[in-house]
Amino acid sequence: MFKTLKMNKTALLRDFLLNNFSKFSYDYSTGNSLEFPEYDLTAREYLQFAEYELLEMKNHSNKLEHIHLINCVSHLKRAVDCQLDTCLYILKLLDLCKKKNLGLNSKLDFFKQAGVFNSFSLDRFNKVRNKMEHEYNIPKIEDIEAYFDLVSAFVSVLESMIMSLKIASEISLTHEELDKETITSFDIYYNFIDTPEISYRISKNEKIYDAPMSEHTYEEAFVTVTPKEIEEFPYFLKVLLLLARQDSFANDKYILQNI
């Protein structure tokens, strides 16, 4: 029988990992076939359009060069919007965002809470974006180039997040107890259903002495969050993404510091 916990799920998960993560070893990960939206244009194509406008302005400078600058800003804005909506669609969150009429800042904040962007990079991005999009001034070429670089990095970071989930949407860690007869497992996974879920399970496998090659498995905990849990869902996603980097782009110290 599963023991479903109804306490503060974020605190439970964080405390468990802080106290036990160093004992565990990576066991396996599995990916998922992700569903992408059928948009006519992608964020990468909008970036390409923006780059074209910059090149046109540099190569064919004339009295109307500010048109290329303004067009460039427009394409970069669409690149950001398109990439955000693409990722939210893949995560099965876009319909919820539309129902709640969530704007750009709310979407950005979700990915910030999930650890995809840090506060410094997001603050810098928003400062430049607001200057480009909300002031009725012809932008300077230096500002446009800085914005182009930021949006390019923004698109790449979200691409990396999706590819990480494509490769490792379920991760399993294991720990062999001192008696060598018990193995504790920690499994966390993203369930890409219409109302998505992120769940983790803690279980123990004990060898049965009178039945060689047999084991008895019992659950210690099974916890699930949905997007309705607005503070806990992004945290669970953050943990999943952190663990997906284990033994590759992040060491154990980095993971524990950011749990």
Side-chain angles (χ1 to χ4, degrees), residues 2-32 34 84 87-93 96-97 106-122 157-175 183-193 195-204 219-259:
F2 291 168
K3 181 169 67 176
T4 302
L5 302 177
K6 296 183 179 180
M7 298 170 60
N8 185 314
K9 297 176 182 178
T10 293
L12 282 170
L13 178 54
R14 180 183 288 115
D15 288 348
F16 174 80
L17 290 172
L18 288 175
N19 292 323
N20 297 281
F21 176 71
S22 60
K23 305 174 187 175
F24 281 84
S25 299
Y26 174 85
D27 187 18
Y28 71 85
S29 62
T30 59
N32 223 304
L34 305 180
L84 280 173
C87 292
L88 291 168
Y89 181 95
I90 293 168
L91 295 172
K92 303 294 184 181
L93 297 173
L96 179 63
C97 290
S106 296
K107 296 174 183 178
L108 289 172
D109 189 58
F110 169 79
F111 287 108
K112 175 185 173 183
Q113 291 180 55
V116 178
F117 303 109
N118 60 43
S119 298
F120 177 79
S121 61
L122 196 57
V157 167
L158 287 175
E159 280 180 355
S160 176
M161 180 205 72
I162 292 300
M163 290 306 299
S164 179
L165 289 174
K166 184 178 178 67
I167 297 169
S169 56
E170 178 179 357
I171 296 170
S172 179
L173 309 178
T174 57
H175 164 56
I183 295 178
T184 302
S185 298
F186 172 84
D187 304 283
I188 184 169
Y189 59 91
Y190 198 108
N191 194 356
F192 295 89
I193 55 179
T195 300
E197 300 171 344
I198 306 176
S199 303
Y200 75 84
R201 176 187 294 107
I202 303 168
S203 59
K204 287 185 180 292
E219 304 289 333
E220 285 203 327
F222 180 76
V223 182
T224 296
V225 294
T226 71
K228 291 181 180 179
E229 296 161 279
I230 57 176
E231 293 184 359
E232 294 169 318
F233 190 85
Y235 178 75
F236 274 51
L237 178 58
K238 176 182 179 179
V239 170
L240 179 59
L241 294 171
L242 276 171
L243 294 181
R245 301 189 186 106
Q246 187 183 16
D247 293 331
S248 55
F249 296 109
N251 57 30
D252 290 358
K253 180 180 178 181
Y254 176 86
I255 291 174
L256 282 170
Q257 288 175 339
N258 288 276
I259 286 294

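In what follows, residues are counted from 1 in the order of the sequence shown.
- Between the NZ atom of Lys228 and the CG atom of Leu96 there is a distance of 9.5 Å, given to the nearest 0.5 Å.
- Residue pairs meeting the salt bridge (Lys or Arg N to Asp or Glu O under 4.0 Å) criterion with at least one partner in residues 159-173, sequence neighbours excluded, are Arg44-Glu159.
- For Phe16 and Phe186, the gap between ring centers is short of 6.0 Å.
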Open item on the list: For a side chain to side chain contact (heavy atoms under 4.5 Å, CB included) check, start with the C-alpha distance between Leu13 and Val223, then their side-chain angles and the critical distance, and finish with the verdict.
Closed with: CA-CA 9 Å; Leu13 178 54; Val223 182; over 6 Å; no
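- Side chains of Leu34 and Ile162 form a contact here, defined as non-hydrogen atoms less than 4.5 Å apart.
- Residues Phe111 and Leu88 meet the side-chain proximity criterion, which asks for heavy atoms closer than 4.5 Å.
- Closest approach of Leu91 to Pro196, counting heavy atoms only: O-CG, 3.4 Å.
- You'll find the side chain of Ile255 reaches within 4.5 Å of the side chain of Phe21, heavy atoms only.
- Residues satisfying the salt bridge (charged side-chain N to carboxylate O under 4.0 Å, His left out) test with Glu229, not counting sequence neighbours, are Lys9.
- Of all heavy-atom pairs between Tyr28 and Tyr26, the closest is C-OH, 3.4 Å.
- Below 30°, between 30° and 60°, or above 60°: for His175 and Phe24 the angle between ring planes is between 30° and 60°, a tilted geometry.
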Open item on the list: Between Tyr200 and Leu12, is the side chain to side chain contact (heavy atoms under 4.5 Å, CB included) condition met? List the steps.
Closed with: CA-CA 11 Å; Tyr200 75 84; Leu12 282 170; 3.9 Å; yes
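- Glu231 pairs by the salt bridge (charged side-chain N to carboxylate O under 4.0 Å, His left out) definition with nothing, not counting sequence neighbours.
- Sorted by first then second residue, the side-chain hydrogen bond (donor to acceptor under 3.5 Å, both in side chains) pairs that include residues 13-23, not counting sequence neighbours, are Asn20-Lys23.
- For residues 250-259, every residue pair satisfying the side-chain hydrogen bond (donor to acceptor under 3.5 Å, both in side chains) rule, not counting sequence neighbours, is listed here: Gln246-Asp252.
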Task: Residue pair Asp109, Lys112: steps toward the side chain to side chain contact (heavy atoms under 4.5 Å, CB included) verdict - done: CA-CA 5 Å; Asp109 189 58; Lys112 175 185 173 183; 4.1 Å; yes
TODO: Quick one: do Leu240 and Leu165 satisfy side chain to side chain contact (heavy atoms under 4.5 Å, CB included)? Show the steps, please.
DONE: CA-CA 9 Å; Leu240 179 59; Leu165 289 174; 3.7 Å; yes
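- Applying the side-chain hydrogen bond (donor to acceptor under 3.5 Å, both in side chains) criterion to Lys107, with sequence neighbours excluded, gives Asp85.
- No side-chain heavy atom of Phe236 sits under 4.5 Å from any side-chain heavy atom of Thr226.
- A distance of 7.0 Å separates OG of Ser160 from CZ of Phe249, quoted to the nearest 0.5 Å.
- Taking each heavy atom of Pro227 and Phe233 in turn, the nearest pair found is N-CD1, 3.5 Å.
- Looking only at side-chain heavy atoms (C-beta outward), Tyr189 and Thr30 stay at 4.5 Å or farther from each other.
- The closest side-chain heavy-atom distance from Asn191 to Ser199 is not below 4.5 Å.
- Ile230 approaches Gln113 most closely through the heavy-atom pair O-OE1, 4.0 Å.
- For the pair Phe222 and Asp187, the minimum side-chain heavy-atom distance is 4.5 Å or more.
- For the pair Val225 and Thr10, the minimum side-chain heavy-atom distance is 4.5 Å or more.
- Across all non-hydrogen atoms, the minimal contact from Leu256 to Leu17 is CD2-O, 3.8 Å.
- Separating the OG atom in Ser29 from the CD1 atom in Ile188 is a distance of 13.0 Å, to the nearest 0.5 Å.
- Note that CD1 of Ile259 and CG of Leu242 are 5.0 Å apart. Values are rounded to the nearest 0.5 Å.
- Nearest heavy-atom pair, Lys92 versus Ile193, reported as atom, atom and distance to 0.1 Å: CG-O, 3.3 Å.
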